[in-house]
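Nothing fancy with the numbering, it's 1 onward along the sequence.
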Amino acid sequence: MQDDYRADVAVIGAGIMGTAIVTRLIETGHKVSVFDLDTEKVAALQAKGARPAGSVEEAVSRSAFCVLSLNHANIVRAVVFGEKGVAAAANADKVLIDMSSIDPADTADMATRLRRETGMTWVDCPLSGGVPGALSGRLTIMAGGSAEDFERARVVMRHLAANYTLMGVSGAGQTTKLINQLFCAVLFQAVAEAVKLAEAGGVDPAAIPAALAGGRADSRILQEFMAKFAARDFSPTGRIDNMLKDLDSLQAFALKTKTPLPMTGSVVEIHRLLCTAGLGPRDSAEMMRLLDGFQAD
(Lines give C-alpha, C1' and ligand atoms only; values in the text may rest on other atoms or scores of the structure.)
Protein backbone atom coordinates (compact mmCIF):
# COMPACT_ATOMS: atom_id res chain seq x y z
CA MET A 1 0.00 0.00 0.00
CA GLN A 2 1.44 3.36 -1.00
CA ASP A 3 1.42 5.93 1.80
CA ASP A 4 0.07 8.61 -0.54
CA TYR A 5 -2.79 6.48 -1.91
CA ARG A 6 -6.27 7.88 -1.35
CA ALA A 7 -9.46 5.97 -2.18
CA ASP A 8 -12.96 6.57 -3.42
CA VAL A 9 -15.11 5.81 -0.36
CA ALA A 10 -18.87 5.56 0.02
CA VAL A 11 -20.19 6.33 3.51
CA ILE A 12 -23.73 5.23 4.28
CA GLY A 13 -25.17 6.93 7.34
CA ALA A 14 -24.61 10.58 8.24
CA GLY A 15 -25.47 10.52 11.91
CA ILE A 16 -23.13 11.84 14.59
CA MET A 17 -20.44 9.22 13.95
CA GLY A 18 -20.99 9.03 10.21
CA THR A 19 -20.56 12.78 9.91
CA ALA A 20 -17.30 12.64 11.87
CA ILE A 21 -16.02 9.77 9.72
CA VAL A 22 -16.85 11.61 6.48
CA THR A 23 -15.23 14.80 7.76
CA ARG A 24 -12.02 13.02 8.65
CA LEU A 25 -11.85 11.13 5.34
CA ILE A 26 -12.32 14.34 3.36
CA GLU A 27 -9.66 16.12 5.43
CA THR A 28 -7.19 13.30 4.75
CA GLY A 29 -7.72 13.46 1.00
CA HIS A 30 -10.18 10.69 0.21
CA LYS A 31 -13.00 11.21 -2.30
CA VAL A 32 -16.19 10.56 -0.36
CA SER A 33 -19.71 9.87 -1.61
CA VAL A 34 -22.46 10.04 1.04
CA PHE A 35 -25.97 8.68 1.29
CA ASP A 36 -28.42 9.27 4.13
CA LEU A 37 -32.20 9.60 4.21
CA ASP A 38 -31.72 12.94 5.98
CA THR A 39 -30.91 15.27 3.08
CA GLU A 40 -29.99 18.14 5.40
CA LYS A 41 -27.18 16.08 6.91
CA VAL A 42 -25.96 15.17 3.45
CA ALA A 43 -26.07 18.83 2.37
CA ALA A 44 -23.94 19.81 5.37
CA LEU A 45 -21.33 17.24 4.34
CA GLN A 46 -21.53 18.34 0.71
CA ALA A 47 -20.48 21.80 1.91
CA LYS A 48 -17.33 20.16 3.32
CA GLY A 49 -16.51 18.46 0.03
CA ALA A 50 -18.50 15.23 0.05
CA ARG A 51 -20.37 14.12 -3.05
CA PRO A 52 -24.08 13.39 -2.39
CA ALA A 53 -25.60 10.20 -3.80
CA GLY A 54 -29.21 9.57 -4.68
CA SER A 55 -29.10 5.98 -3.42
CA VAL A 56 -26.82 3.52 -1.66
CA GLU A 57 -26.27 1.79 -4.98
CA GLU A 58 -25.10 5.03 -6.60
CA ALA A 59 -22.64 5.77 -3.79
CA VAL A 60 -21.19 2.25 -3.89
CA SER A 61 -20.94 2.22 -7.68
CA ARG A 62 -18.47 5.15 -7.48
CA SER A 63 -16.32 3.65 -4.75
CA ALA A 64 -13.78 0.94 -3.93
CA PHE A 65 -14.78 0.95 -0.26
CA CYS A 66 -18.18 1.24 1.39
CA VAL A 67 -18.29 2.33 5.04
CA LEU A 68 -21.50 1.72 6.99
CA SER A 69 -22.30 3.79 10.08
CA LEU A 70 -25.75 2.58 11.11
CA ASN A 71 -27.62 1.75 14.31
CA HIS A 72 -29.12 -1.73 14.02
CA ALA A 73 -28.57 -5.04 12.26
CA ASN A 74 -31.94 -4.83 10.51
CA ILE A 75 -30.95 -1.42 9.07
CA VAL A 76 -27.60 -2.81 7.93
CA ARG A 77 -29.34 -5.76 6.29
CA ALA A 78 -31.80 -3.49 4.46
CA VAL A 79 -29.02 -1.16 3.28
CA VAL A 80 -26.87 -4.03 2.02
CA PHE A 81 -29.46 -6.35 0.48
CA GLY A 82 -32.48 -4.09 -0.08
CA GLU A 83 -33.54 -2.33 -3.26
CA LYS A 84 -30.76 -0.13 -4.68
CA GLY A 85 -28.54 -1.28 -1.83
CA VAL A 86 -24.88 -2.20 -1.54
CA ALA A 87 -25.32 -5.59 -3.20
CA ALA A 88 -26.75 -3.98 -6.34
CA ALA A 89 -23.37 -2.34 -7.06
CA ALA A 90 -21.10 -4.90 -5.39
CA ASN A 91 -18.26 -6.88 -6.95
CA ALA A 92 -15.09 -8.65 -5.88
CA ASP A 93 -13.00 -5.47 -6.23
CA LYS A 94 -14.93 -3.69 -3.48
CA VAL A 95 -14.72 -3.98 0.32
CA LEU A 96 -17.53 -3.29 2.77
CA ILE A 97 -16.32 -1.82 6.09
CA ASP A 98 -19.09 -2.00 8.68
CA MET A 99 -18.38 0.47 11.49
CA SER A 100 -21.79 -0.11 13.04
CA SER A 101 -22.13 -1.99 16.33
CA ILE A 102 -24.36 -5.01 15.67
CA ASP A 103 -24.74 -8.67 16.64
CA PRO A 104 -21.72 -10.89 15.83
CA ALA A 105 -23.86 -13.70 14.37
CA ASP A 106 -25.79 -11.29 12.13
CA THR A 107 -22.46 -9.89 10.93
CA ALA A 108 -21.07 -13.31 10.05
CA ASP A 109 -24.28 -14.31 8.23
CA MET A 110 -24.42 -11.11 6.16
CA ALA A 111 -20.71 -11.22 5.33
CA THR A 112 -21.06 -14.79 4.05
CA ARG A 113 -24.14 -13.93 2.00
CA LEU A 114 -22.61 -10.80 0.44
CA ARG A 115 -19.48 -12.64 -0.65
CA ARG A 116 -21.44 -15.63 -1.96
CA GLU A 117 -23.88 -13.52 -3.98
CA THR A 118 -21.59 -10.72 -5.23
CA GLY A 119 -17.92 -11.45 -4.43
CA MET A 120 -17.69 -8.30 -2.29
CA THR A 121 -15.87 -8.87 1.00
CA TRP A 122 -16.80 -7.61 4.46
CA VAL A 123 -14.73 -6.41 7.39
CA ASP A 124 -16.58 -5.63 10.62
CA CYS A 125 -14.89 -2.59 12.17
CA PRO A 126 -16.83 -1.39 15.24
CA LEU A 127 -15.12 1.48 16.96
CA SER A 128 -14.32 3.05 20.28
CA GLY A 129 -13.30 6.66 20.76
CA GLY A 130 -16.43 8.47 19.60
CA VAL A 131 -16.56 11.67 17.59
CA PRO A 132 -13.30 13.13 19.00
CA GLY A 133 -11.45 9.96 18.07
CA ALA A 134 -12.85 9.94 14.54
CA LEU A 135 -12.07 13.61 13.90
CA SER A 136 -8.48 13.22 15.09
CA GLY A 137 -7.86 9.81 13.49
CA ARG A 138 -7.38 8.25 16.93
CA LEU A 139 -10.15 5.65 16.98
CA THR A 140 -9.68 2.16 18.36
CA ILE A 141 -10.97 -0.28 15.74
CA MET A 142 -11.53 -3.97 16.52
CA ALA A 143 -11.87 -5.85 13.24
CA GLY A 144 -13.27 -9.16 12.04
CA GLY A 145 -12.61 -10.77 8.66
CA SER A 146 -9.81 -12.36 6.69
CA ALA A 147 -6.24 -11.11 7.08
CA GLU A 148 -6.22 -10.12 3.40
CA ASP A 149 -9.40 -8.02 3.66
CA PHE A 150 -8.21 -6.49 6.94
CA GLU A 151 -5.14 -5.21 5.10
CA ARG A 152 -7.18 -3.99 2.13
CA ALA A 153 -9.36 -1.94 4.50
CA ARG A 154 -6.27 -0.36 6.05
CA VAL A 155 -6.28 2.17 3.17
CA VAL A 156 -9.26 3.77 4.91
CA MET A 157 -8.66 2.75 8.52
CA ARG A 158 -5.14 4.23 8.69
CA HIS A 159 -6.69 7.71 8.60
CA LEU A 160 -9.39 6.94 11.17
CA ALA A 161 -7.67 4.69 13.72
CA ALA A 162 -4.63 4.82 15.96
CA ASN A 163 -5.25 1.22 17.02
CA TYR A 164 -6.51 -1.12 14.27
CA THR A 165 -6.48 -4.78 15.33
CA LEU A 166 -7.66 -7.97 13.63
CA MET A 167 -9.49 -10.05 16.24
CA GLY A 168 -10.48 -13.04 14.10
CA VAL A 169 -13.02 -14.08 11.47
CA SER A 170 -16.19 -12.17 10.57
CA GLY A 171 -18.06 -11.24 13.74
CA ALA A 172 -14.97 -11.25 15.96
CA GLY A 173 -14.74 -7.47 15.80
CA GLN A 174 -18.35 -7.19 16.94
CA THR A 175 -17.73 -9.61 19.81
CA THR A 176 -14.77 -7.49 20.91
CA LYS A 177 -16.97 -4.38 20.73
CA LEU A 178 -19.43 -6.04 23.12
CA ILE A 179 -16.55 -6.54 25.55
CA ASN A 180 -15.58 -2.89 25.09
CA GLN A 181 -19.15 -1.84 25.90
CA LEU A 182 -19.20 -4.04 28.99
CA PHE A 183 -16.16 -2.17 30.33
CA CYS A 184 -17.56 1.24 29.37
CA ALA A 185 -21.01 0.71 30.87
CA VAL A 186 -19.70 -0.68 34.16
CA LEU A 187 -17.05 2.06 34.44
CA PHE A 188 -19.55 4.86 33.68
CA GLN A 189 -21.69 3.61 36.55
CA ALA A 190 -18.62 3.36 38.80
CA VAL A 191 -17.65 6.95 37.95
CA ALA A 192 -21.17 8.19 38.73
CA GLU A 193 -21.16 6.44 42.11
CA ALA A 194 -17.64 7.69 42.88
CA VAL A 195 -18.78 11.27 42.21
CA LYS A 196 -21.59 10.91 44.74
CA LEU A 197 -19.29 9.31 47.32
CA ALA A 198 -16.72 12.09 46.94
CA GLU A 199 -19.40 14.74 47.31
CA ALA A 200 -20.78 13.03 50.42
CA GLY A 201 -17.29 13.00 51.93
CA GLY A 202 -16.53 16.63 51.16
CA VAL A 203 -13.95 15.81 48.47
CA ASP A 204 -13.96 17.65 45.15
CA PRO A 205 -14.74 14.86 42.64
CA ALA A 206 -13.05 16.85 39.86
CA ALA A 207 -9.76 16.40 41.75
CA ILE A 208 -10.04 12.60 41.83
CA PRO A 209 -8.70 11.86 38.29
CA ALA A 210 -5.38 13.65 38.94
CA ALA A 211 -5.08 12.07 42.38
CA LEU A 212 -5.56 8.54 41.02
CA ALA A 213 -3.57 8.98 37.80
CA GLY A 214 -1.12 6.12 37.32
CA GLY A 215 -2.67 3.98 40.05
CA ARG A 216 -4.61 0.77 39.61
CA ALA A 217 -7.95 2.57 39.54
CA ASP A 218 -6.87 4.84 36.71
CA SER A 219 -8.59 4.60 33.33
CA ARG A 220 -9.39 6.68 30.28
CA ILE A 221 -13.02 6.84 31.39
CA LEU A 222 -12.01 8.12 34.83
CA GLN A 223 -9.77 10.78 33.27
CA GLU A 224 -12.22 11.88 30.58
CA PHE A 225 -15.57 11.66 32.34
CA MET A 226 -15.36 12.11 36.12
CA ALA A 227 -15.10 15.90 35.98
CA LYS A 228 -17.87 15.94 33.36
CA PHE A 229 -20.16 13.86 35.54
CA ALA A 230 -19.28 15.94 38.61
CA ALA A 231 -20.19 19.16 36.78
CA ARG A 232 -23.46 17.61 35.57
CA ASP A 233 -22.23 18.47 32.09
CA PHE A 234 -24.81 16.80 29.89
CA SER A 235 -23.34 17.88 26.54
CA PRO A 236 -23.60 14.95 24.09
CA THR A 237 -20.76 12.47 23.73
CA GLY A 238 -22.83 9.28 23.42
CA ARG A 239 -26.47 8.25 23.83
CA ILE A 240 -27.75 6.11 26.70
CA ASP A 241 -30.18 4.29 24.40
CA ASN A 242 -27.35 3.37 22.01
CA MET A 243 -25.43 1.91 24.93
CA LEU A 244 -28.53 -0.03 25.99
CA LYS A 245 -28.85 -1.40 22.45
CA ASP A 246 -25.28 -2.73 22.67
CA LEU A 247 -25.85 -4.07 26.19
CA ASP A 248 -28.97 -5.92 25.05
CA SER A 249 -26.87 -7.53 22.30
CA LEU A 250 -24.25 -8.37 24.90
CA GLN A 251 -26.81 -10.06 27.14
CA ALA A 252 -28.29 -11.99 24.22
CA PHE A 253 -24.80 -13.22 23.31
CA ALA A 254 -24.12 -14.16 26.93
CA LEU A 255 -27.40 -16.08 27.10
CA LYS A 256 -26.58 -17.94 23.89
CA THR A 257 -23.12 -18.87 25.19
CA LYS A 258 -24.30 -19.47 28.78
CA THR A 259 -21.86 -16.87 30.11
CA PRO A 260 -22.74 -15.45 33.57
CA LEU A 261 -22.51 -11.64 33.75
CA PRO A 262 -24.04 -10.65 37.12
CA MET A 263 -22.55 -7.15 37.45
CA THR A 264 -23.25 -6.31 33.81
CA GLY A 265 -26.86 -7.39 34.30
CA SER A 266 -27.35 -4.78 37.02
CA VAL A 267 -25.85 -2.04 34.85
CA VAL A 268 -28.07 -3.04 31.93
CA GLU A 269 -31.16 -2.53 34.07
CA ILE A 270 -29.90 0.87 35.23
CA HIS A 271 -29.62 1.90 31.57
CA ARG A 272 -33.11 0.52 30.92
CA LEU A 273 -34.46 2.54 33.85
CA LEU A 274 -32.87 5.71 32.46
CA CYS A 275 -34.44 5.05 29.06
CA THR A 276 -37.83 4.48 30.70
CA ALA A 277 -37.40 7.85 32.41
CA GLY A 278 -37.03 9.47 29.00
CA LEU A 279 -33.27 9.98 29.12
CA GLY A 280 -32.39 7.49 26.39
CA PRO A 281 -31.43 10.05 23.71
CA ARG A 282 -29.23 11.95 26.14
CA ASP A 283 -25.60 11.69 27.27
CA SER A 284 -24.19 9.11 29.67
CA ALA A 285 -23.59 11.88 32.22
CA GLU A 286 -27.35 11.82 32.71
CA MET A 287 -26.69 8.75 34.87
CA MET A 288 -26.08 11.30 37.63
CA ARG A 289 -29.78 12.18 37.60
CA LEU A 290 -30.64 8.73 38.95
CA LEU A 291 -28.21 9.07 41.84
CA ASP A 292 -29.36 12.66 42.41
CA GLY A 293 -32.93 11.44 42.79
CA PHE A 294 -34.01 12.86 39.42
CA GLN A 295 -33.86 16.41 40.70
CA ALA A 296 -35.02 19.07 38.28
CA ASP A 297 -32.52 21.06 36.20
Side-chain angles (χ1 to χ4, degrees), residues 11-27 34 36-45 47-48 50 67-72 75 99-102 126-141 160-161 177 180-195 205-206 209 219-249 267-268 270-292 294-297:
V11 177
I12 313 303
I16 294 174
M17 278 308 305
T19 292
I21 289 165
V22 171
T23 300
R24 174 65 179 175
L25 291 176
I26 291 171
E27 289 176 349
V34 182
D36 192 284
L37 294 175
D38 189 328
T39 56
E40 291 186 3
K41 291 179 180 177
V42 173
L45 289 170
K48 295 181 178 182
V67 173
L68 304 183
S69 182
L70 304 167
N71 281 333
H72 299 281
I75 300 175
M99 300 186 74
S100 316
S101 294
I102 63 173
L127 60 89
S128 181
V131 169
L135 292 174
S136 63
R138 303 290 299 174
L139 289 172
T140 292
I141 303 288
L160 293 172
K177 178 58 185 287
N180 179 84
Q181 296 304 80
L182 184 158
F183 277 117
C184 288
V186 170
L187 287 172
F188 278 141
Q189 180 63 25
V191 165
E193 293 181 15
V195 167
S219 71
R220 288 282 298 275
I221 285 181
L222 171 67
Q223 294 298 328
E224 293 179 18
F225 288 94
M226 189 156 187
K228 185 178 191 296
F229 279 32
R232 277 51 172 190
D233 173 4
F234 302 129
S235 57
T237 58
R239 293 169 57 120
I240 290 172
D241 53 7
N242 279 343
M243 177 64 81
L244 179 60
K245 181 262 296 182
D246 291 343
L247 292 174
D248 281 340
S249 295
V267 175
V268 172
I270 290 170
H271 279 73
R272 202 177 313 283
L273 177 63
L274 292 167
C275 288
T276 301
L279 299 178
R282 301 178 72 173
D283 185 74
S284 294
E286 302 275 356
M287 297 173 78
M288 294 306 306
R289 293 192 190 275
L290 176 60
L291 297 180
D292 290 338
F294 289 107
Q295 297 173 8
D297 291 336

Nearest heavy atoms of [X] and [Y], plus distance in Å:
{"X": "F225", "Y": "T237", "value": "CE2-OG1, 3.7 Å"}
{"X": "S101", "Y": "D246", "value": "CB-OD1, 3.6 Å"}
{"X": "A230", "Y": "P205", "value": "CB-CG, 3.5 Å"}
{"X": "P132", "Y": "S136", "value": "O-OG, 2.9 Å"}
{"X": "P209", "Y": "M226", "value": "CG-CB, 3.8 Å"}
{"X": "I141", "Y": "A161", "value": "CG1-CB, 3.4 Å"}

In terms of heavy-atom contacts, does CD1 of I16 have more than 12 from other residues, nucleotides or ligands at under 6.0 Å?
-> no
Is atom CZ of R220 surrounded by more than 12 heavy atoms (other residues, nucleotides or ligands) closer than 6.0 Å?
-> no
Tell me, do [X] and [Y] make a side-chain contact under 4.5 Å, heavy atoms counted?
{"X": "I221", "Y": "C184", "result": "yes"}
{"X": "I12", "Y": "V67", "result": "no"}
{"X": "R289", "Y": "L274", "result": "no"}
{"X": "L279", "Y": "F294", "result": "yes"}

Between K41 and T19, a side-chain donor and acceptor under 3.5 Å | no
Distance, nearest 0.5 Å, that separates [atom1] of [X] from [atom2] of [Y]:
{"X": "Q181", "Y": "N242", "atom1": "CD", "atom2": "CG", "result": "9.5 Å"}
{"X": "R282", "Y": "S235", "atom1": "CZ", "atom2": "OG", "result": "11.5 Å"}
{"X": "L139", "Y": "L127", "atom1": "CG", "atom2": "CG", "result": "5.0 Å"}
{"X": "I240", "Y": "L244", "atom1": "CD1", "atom2": "CG", "result": "9.5 Å"}
{"X": "R239", "Y": "K245", "atom1": "CZ", "atom2": "NZ", "result": "11.0 Å"}
{"X": "N71", "Y": "S100", "atom1": "CG", "atom2": "OG", "result": "7.5 Å"}

From the list V191, V195, D233, side-chain contact (heavy atoms from CB on, under 4.5 Å) with K228 holds only for D233
Tell me, please, which residues at least two apart from S69 pass side chain to side chain donor-acceptor pair (under 3.5 Å).
-> none
Please state whether the rings of F188 and F229 are parallel, tilted or perpendicular, taking 30° and 60° as the class boundaries.
-> parallel
Might you work through the side chain to side chain contact (heavy atoms under 4.5 Å, CB included) test for L25 and V11, ending with a clear yes or no?
-> CA-CA 10 Å; L25 291 176; V11 177; 4.2 Å; yes
Pair I21-M99, side chain to side chain contact (heavy atoms under 4.5 Å, CB included): steps then yes or no | CA-CA 10 Å; I21 289 165; M99 300 186 74; 3.8 Å; yes
After noting the C-alpha distance and the side-chain angles of L290 and L273, does the key distance pass the side chain to side chain contact (heavy atoms under 4.5 Å, CB included) rule?
-> CA-CA 9 Å; L290 176 60; L273 177 63; 3.7 Å; yes
Kindly state each residue pair satisfying side-chain hydrogen bond (donor to acceptor under 3.5 Å, both in side chains) with at least one member in residues 271-281, sequence neighbours excluded.
-> D248-R272, E269-R272
Do side-chain atoms of D36 reach the backbone of V42 as a donor and acceptor pair under 3.5 angstrom?
-> no
